[in-house]
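The model shown is predicted, which means the values in this text are computed figures rather than measured ones. Lettering of chains follows the sequences in order, A, B, ..., and the numbering in each one begins at 1.
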2 protein chains.
Amino acid sequence: MTSHVHERPLSDLTKNQKLVFDALSSADGPLSAYTILDQLRDEGFRAPLQVYRALDKLQELGLVHRLESLNSFIACAHPHCASHGMIGFAICENCGQVEEFSDAEIETRLGTWMRERAFKPRKTTVELRGLCATCSTH
Amino acid sequence: MTSHVHERPLSDLTKNQKLVFDALSSADGPLSAYTILDQLRDEGFRAPLQVYRALDKLQELGLVHRLESLNSFIACAHPHCASHGMIGFAICENCGQVEEFSDAEIETRLGTWMRERAFKPRKTTVELRGLCATCSTH
DNA sequence: GGGTCGATTGTAATCATATAACGTTTCTTG
DNA sequence: CAAGAAACGTTATATGATTACAATCGACCC
Ligand SMILES: [Zn+2]
Ligand SMILES: [Zn+2]
Ligand SMILES: [Zn+2]
Ligand SMILES: [Zn+2]
């Protein structure tokens with residue numbers, strides 16, 4: 001049954017998808033597709049497409065997010081992000097730390113803007129780049 | 001005198017900067033760096049760096065914006081965008097149209113979020129991808 | 001004019017990110 | 001089992017961005 005979006009359990013992930021997801025989950029920051037590829041060479045990964053295909057699926061499931069301004073990927077910090085319309089990221093350009101957040105007010109505001117213009121959203125990107133609290137005081 | 005940021009008039013742009021800016025201004029949508037390069041071959045452009053260097057400067061001056069989710073660039077639709085902290089783009093994935101906007105409320109909200117966490121912003125990216133009014137009804 | 005310094009330019013080589021194309025394998029369902 | 005859908009493996013290629021180095025230009029001062 002696929003008439004609506006299920007919460008597919010992690011155990012339903014394929015081998016490659018699980019490997020990529022685990023790599024992202026255990027990382028302490030975002031990873032590029034090619035970094036993931038390198039980390040999974042020992043597991044049999046040979047080509048970028050193996051990573052990109054897994055990433056596509058994981059993003060579809062809401063388990064992974066793409067950071068557009070970094071061309072890299074990060075495991076979702078929340079349980080069920082697929083339900084959110086807007087997800088934001090604060091990215092520290094010094095230490096690489098990424099904080100994921102959402103804000104109902106911003107979501108509403110963007111929703112209003114789009115509705116007024118009959119713009120039908122598919123994906124919303126909000127990325128703040130700068131220095132985190134720790135890095136901005138050093 | 002360079003003790004503070006001047007509004008450098010367009011006439012102060014160098015030859016390459018002006019060429020790149022004109023290419024973006026006369027385009028009806030965002031252009032990639034390599035598309036710009038191709039368009040400027042007749043003007044003597046030979047290498048990507050000639051484009052990227054001009055783009056860097058133009059972005060610094062607030063005359064051009066980078067669309068992170070498209071890896072491409074667009075001339076600013078407003079006179080003095082450098083003064084805005086937050087600029088948003090609504091990008092139609094069907095026709096390529098891009099609408100630039102700003103929203104004081106969202107800006108405030110993001111500002112609050114960052115201040116509370118002592119996050120020092122350098123660049124804020126807000127990009128809505130989807131279908132414009134025209135394309136979503138066809 | 002000559003000297004100096006910073007910004008800009010030209011060019012080649014290289015790195016980094018992402019997809020196309022094609023065939024095979026595995027999973028699911030009837 | 002048959003048949004379609006999804007995932008996979010592999011090669012080649014497309015697209016986007018930077019490093020490195022030498023040459024040139026422009027503003028400024030002596
Ligand atoms: Zn998330
Ligand atoms: Zn930091
Ligand atoms: Zn602008
Ligand atoms: Zn459209």
Of the listed nucleotides ([options]), which one gets closest to any side-chain atom of [X]?
X: B/Gln17; options: D/dG16, C/dA20, C/dT9; answer: C/dT9
X: B/Gln50; options: C/dT11, C/dT8, D/dG9; answer: C/dT11
X: A/Asn71; options: C/dT17, C/dT8, D/dA17; answer: C/dT17
X: A/Pro48; options: C/dT19, C/dT8, D/dA7; answer: C/dT19
X: B/Phe73; options: D/dA7, D/dA17, C/dT9; answer: D/dA17
X: A/Arg66; options: C/dT8, D/dA7, C/dA18; answer: C/dA18
X: B/Ala33; options: D/dA17, C/dA18, C/dT11; answer: D/dA17

Integer-rounded Å distance: [N] [atom2] and [X] [atom1]:
X: A/Arg53; N: D/dG9; atom1: CZ; atom2: P; result: 8 Å
X: A/Ile36; N: C/dA18; atom1: CD1; atom2: C1'; result: 13 Å
X: A/Asp56; N: D/dA6; atom1: CG; atom2: P; result: 14 Å
X: B/Leu13; N: C/dT8; atom1: CG; atom2: P; result: 10 Å
X: B/Leu31; N: D/dT15; atom1: CG; atom2: P; result: 15 Å
X: B/Leu67; N: D/dG16; atom1: CG; atom2: P; result: 13 Å
X: B/Glu43; N: C/dG10; atom1: CD; atom2: C1'; result: 16 Å
X: B/Leu70; N: D/dG16; atom1: CG; atom2: C1'; result: 13 Å

Check: Out of B/Phe89, B/Phe101, B/Phe73, which one pairs with B/His65 under the ring pair (Phe, Tyr, Trp, His ring centres under 6.0 Å) rule?
Finding: B/Phe89
Margin query: For a quick test of reading the model: is some side-chain N or O of B/Thr14 closer than 4.0 Å to OP1 or OP2 of C/dT8?
Written below: no
Notebook entry, point to check: For D/dA7, does OP1 or OP2 lie under 4.0 Å from any side-chain N or O of A/Lys57?
Noted result: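 Yes, because at least one side-chain N or O of A/Lys57 sits under 4.0 Å from OP1 or OP2 of D/dA7.
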Item checked: B/Leu24 reachable from B/Tyr52 in the ILVMFWY side-chain graph, under 4.5 Å edges -> yes
Next item on the list: Decide whether B/Leu19 and B/Leu61 are clustered together by the hydrophobic rule: side chain heavy atoms of Ile, Leu, Val, Met, Phe, Trp, Tyr closer than 4.5 Å, transitively.
Entry: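 Yes; B/Leu61 is reachable from B/Leu19 via cluster members.
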Next item on the list: Indicate, yes or no, whether a donor-acceptor pair under 3.5 Å links the base of D/dA17 to the side chain of B/Tyr34.
Entry: yes
Next item on the list: Verify the distance criterion only: is there a donor paired with an acceptor across the side chains of A/Thr125 and A/Glu68 at less than 3.5 Å?
Entry: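 No - no donor-acceptor pair under 3.5 Å links their side chains.
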Note to self: With rounding to the nearest 0.5 angstrom, report the CG to CD distance, A/Leu131 to A/Gln97.
What the structure shows: 13.0 Å
